[in-house]
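Here is the structure we will look at.
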Number of protein chains: 2
Amino acid sequence: MDQVNLKKLAKELNLAVSTVSRALRDSHEISPQTKERVRELALKLGFQPNPHASSLRQNKSKTIAVIIPEIENNFFSQVINGIESVTPSKGYHVLIYLTHEDYNKERDILQLLRNGRVDGIMISVSNTTTNTDHIDAWRQSGMPLVLFDRTCEELDVPNIMTNDAEMAFKATEHLLKRGCRQIAFLGMAGNLSISNRRKAGYLSALEKYKVAAPPQIIELTTKDYINRDLLHEVFRRESRPDGVFAAIEKFAVNTYEVCKELKLPIPREVKVVSFSNLQAAALFDPALSTIIQPAYDIGREAANILFKIIEKKMLMPYEKKMILPSQLIERASTAINS
Amino acid sequence: MDQVNLKKLAKELNLAVSTVSRALRDSHEISPQTKERVRELALKLGFQPNPHASSLRQNKSKTIAVIIPEIENNFFSQVINGIESVTPSKGYHVLIYLTHEDYNKERDILQLLRNGRVDGIMISVSNTTTNTDHIDAWRQSGMPLVLFDRTCEELDVPNIMTNDAEMAFKATEHLLKRGCRQIAFLGMAGNLSISNRRKAGYLSALEKYKVAAPPQIIELTTKDYINRDLLHEVFRRESRPDGVFAAIEKFAVNTYEVCKELKLPIPREVKVVSFSNLQAAALFDPALSTIIQPAYDIGREAANILFKIIEKKMLMPYEKKMILPSQLIERASTAINS
DNA sequence: ACATTTTTCGAAATCGTTTGCAAAGAATTT
DNA sequence: AAATTCTTTGCAAACGATTTCGAAAAATGT
C-alpha cells in the first residue's frame, strides 16, 4: 500500500496528524511556516484526502444524484450539461441514475440513496410514477431535493420547469393560424405533470379560437413501434388530423415516419410542431418547427437551488417554482401551403 | 439524529455490533434464528448501512467514474446507457465527469479521483489530449481502467472500440462507387486515435481505387461557427469536394448547413456520409447516409471488462483490444444523381 | 518579575462498519 | 469421562480524516 495519508505525512514531517490535517484545511491555528512545510510535502507526494473518511466524519458526501427517466434524449443530456456547469466549482460529484420510465426502479433508487451516499438529489419523475410517496418520504427526512421538468407540483419541493402550458397554447395557436382545423395532441401516456400542462395549453387554445374540430388527445409510449402503429391508425381515420402538436420530440419523429409511409406530405397535408431540443431539427425534411426548452439553464438553475438548500442558505419554505421560458421556432413543417 | 446504525440495532437486540453486522451480511457463523431477528428489525427500522464507513473499512467504493468529452452527443449518451445496463446489477454507482475536450480538465479529474473515491474508471479521451502520462500514471498505480472509442492504443490498457478504419474505408469506397472524385475527409483537429484510424481508412480507399483527386483532409473543431466558416471556404475552392466523409456527426450537420446556404444540393452536387448515431438521420433533407456505431454495446462491454478487472477475474495482461463492428446505412445523401 | 492572554501543536475521541481473535457453550470424538 | 471439535457470539482493533480539549510555549500586559 503506497497510499499516502495524513499519518504518513505527519511522520515524515515530525508533526501530529491533527496538525497536518489543520494545515491542509488552512486552519488559523497553524503557523504559516508549518502550513507551508505541510503543503509542500503534500503536493510532492500527491496527497489526496480519502473521501470516505472525510464523508464519514463530517457526515457529508460532496456528491449529488441526478435521477432521470432516460439519457438518450437531448433534453436530459443538456440538463446534465447544465448541472455539470455548477458542480465542479462547488467541489461536488455527480451520480447518474436512470429509471427507464419505471416507477419501481425510481422508488428503489431513492430508497438506495437514503444512507448518506449523497447530499441531495435532482429528479425528473418517470411517466409511470403516479404515487409520490417515495419522493415525499425523502423530503420529510429533510434531505435536499429538487424536481425539474417532470415535476410534482403538489409536493412542497422546489420545481424547476418551463412555461409548458403557455408554449403549448402558442404552438396550438400557431397551427390554427396556419389553417389547421383538426389538431391532434400527442402526449405521453401516464399522468406526467408536463403532459398535463401541455395538454391544458392545447385545450385552452382550441377553446379560445373555437374554429377547430374537437380535441384529439393521443397517448403514445416510449416504444416506437407501438407509436407508429397507433399513428397509422390515427392518420387513416376519416377525421384525419391536419395538424399535430407533439409534446415530446420522439413523437414528432414518429409522426414524420408515419407520414412518409402514408405519403402524407408535411406540411401540405399535415403540419407538425413539437417540443424538441434537437439541434438538427432544422435539417429535417421538412425542417421541423420546434419549441426549444432551456434545458441547459434548467439544469444549471436546478443545481444552484439544490446547492442553496444543501448549504442551508435557503430553508423551507423555499420559492417553490422557477419557470424558465421556452422558445417557439417556426420552420417549414408548419408553413402555409403554397 | 434519528439515523439508524448497527449500534442502535445491536442495543435494541441485545447483541454485539459485530454480530449484527455479520448477520446482515449473511455470515455462516451466525445462527439462523439471530439472523432472522436481526433482519426483521433492520427491515422494520429501514436500516441502510452507511456506505462511507463500509468504503473506508473495505477500501472499495462500489463506484466507477465515466469520463467523457461531452454529453450532448448521441454516441456518448448511448454509451452511458450501455454502461448503466450493467452497473445496478453489480451494485455499483456511476459518477459522470465531462472534460469538455480540455486536456487540463481531464488530467485534473484523473488526479482528483486518485484517492479511492472510485474503484475504476472508463474514459474516452479529449481531442486536446496529446500527453497520456496522466492515464499511464493511473494504470501504473494498478487502478482498474478501461478506454473506449477514443483510445490510446500505445498504452497497455483495455481498449473497446469499433472498426473505424474498415468502416472509413467502406464509406469512402461507397462515395467512390457513387461517382465522387473529389472526396474530402472531415476530421477532428488534434491527435485523436479515432480520427487517425478513420483518416487511415479514407486514405487507403483513395489509394486503392486511384481514381480520385488527392486527399483533402479538413480539420474541424467543436465550435460550429468556426466549422461553418471553414467549410464555406472549402466549398468555394475551384477543386470543390463532390463527396464528404464526416468522421463526426456534428460535421455532417455543419456540411448540410453550409451546403444549404451555398445552394449546393445534396446529393447532386455533394454527397455526404458520416459517422453518426442520430436516430433521426433518416428524416434529414436528404436522409443522411450514416455509419452507426454500436454505442450501447461499447458501453456495456467496456463496463463488463472493467468489472472483470475490478473483481480480479482478469489480470494484466488483458486481452487488449475489443472491436465491435459498425454498420453503414446508405441513404439519400449518397444516392446516384437522377 | 509575575500574571495573563495568545499562538501553536498534540493526544485522543469520533464517525459506522468490518474483521481477527478469543471465549463460552454445545456437540462430537476418543 | 476427558479431549476434541464445532457453533455461536462478543471484544476490540482497525480504516483515515476531523475535531474537541488541553497543554506547552510564546507574546503581551502589569
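In the text below, chain A, chain B and the rest are named by the order of the sequence lines, each starting its count at 1.
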Problem - Residue closer to the 5' end of DNA chain D, A:Gln58 versus A:His52 (nearest nucleotide) - result: A:His52
Handout entry: Distance-only side-chain donor-acceptor flag, A:Ser18 / A:Ser21, under 3.5 Å
Key = no
Handout entry: Residues that B:Tyr97 engages under ring pair (Phe, Tyr, Trp, His ring centres under 6.0 Å), provided they are two or more places apart
Key = A:His93
Practice task
Would you indicate what A:Ser54 reaches in the nucleic acid, counting non-hydrogen atoms under 4.0 angstrom: base, sugar-phosphate, or nothing?
Solution key: sugar-phosphate
Practice task
Could you list all the ring pair (Phe, Tyr, Trp, His ring centres under 6.0 Å) pairs where at least one residue sits in residues 121-145 of chain A, not counting sequence neighbours?
Solution key: A:Tyr103-A:His134
Handout entry: Residue pairs fulfilling ring pair (Phe, Tyr, Trp, His ring centres under 6.0 Å) with at least one residue in residues 25-72 of chain B, sequence neighbours excluded
Key = none
Exercise for the section: Nearest whole angstrom, please: distance from the C1' of C:dT17 to the CD of B:Gln48. Expected result: 14 Å
Problem - Near-strand residues of residues 12-19 of chain B, defined as heavy-atom separation under 4.0 angstrom from DNA chain D - result: B:Asn14, B:Leu15, B:Ala16, B:Ser18, B:Thr19
Practice task
Would you mind telling me which of D:dT18, C:dC15, C:dT17 lies closest to the side-chain atoms of A:Ser21?
Solution key: D:dT18
Handout entry: Polar side chain donor-acceptor pair, A:Gln140 to A:Asp136, under 3.5 angstrom
Key = yes
Problem - Results of side-chain contact (heavy atoms from CB on, under 4.5 Å) for B:Asp119 - residues two or more places apart only - result: B:Lys60, B:Ser61, B:Tyr92, B:Ile310
Completion exercise
Rounded to whole Å, CD of B:Gln3 lies from P of C:dG16 at a distance of 8 Å
Handout entry: Separation of atom CG in A:Leu56 from atom C1' in C:dT14, rounded to whole Å
Key = 9 Å
Problem - Atom-to-atom span, NZ of A:Lys7 to C1' of C:dG10 - whole angstrom - result: 15 Å
Exercise for the section: Establish whether the base of C:dG20 is bridged to the side chain of B:Arg22 by a donor-acceptor pair shorter than 3.5 Å. Expected result: yes
Problem - Distance-only side-chain donor-acceptor flag, A:Ser77 / B:Ser77, under 3.5 Å - result: yes
Exercise for the section: Mind running a 4.0 Å heavy-atom check of residues 23-38 of chain A against DNA chain D and sending the residues that fall below it, in number order? Expected result: A:Arg25
Practice task
Round to the nearest Å and state the distance from A:Asn59 atom CG to D:dT19 atom P.
Solution key: 12 Å
Problem - d(CG, B:Asn50; C1', D:dC15) in whole Å - result: 13 Å
Exercise for the section: Would you check if there is a donor-acceptor pair between the side chains of A:Asn73 and A:Glu70 at a distance under 3.5 Å? Expected result: yes
Fill in the blank from the handout: Atom NZ of A:Lys62 and atom P of C:dC15 are separated, to the nearest Å, by 22 Å
Exercise for the section: Look at the side-chain N and O atoms of B:Asn5 and state whether any lies under 4.0 Å from the OP1 or OP2 oxygen of C:dG16. Expected result: yes
Completion exercise
Rounded to whole Å, the CZ-P distance (B:Arg117 to D:dG16) equals 16 Å
Practice task
Could you verify whether a donor N or O on one side chain and an acceptor N or O on the other, from A:Glu101 and A:Ser126, lie under 3.5 Å apart?
Solution key: no
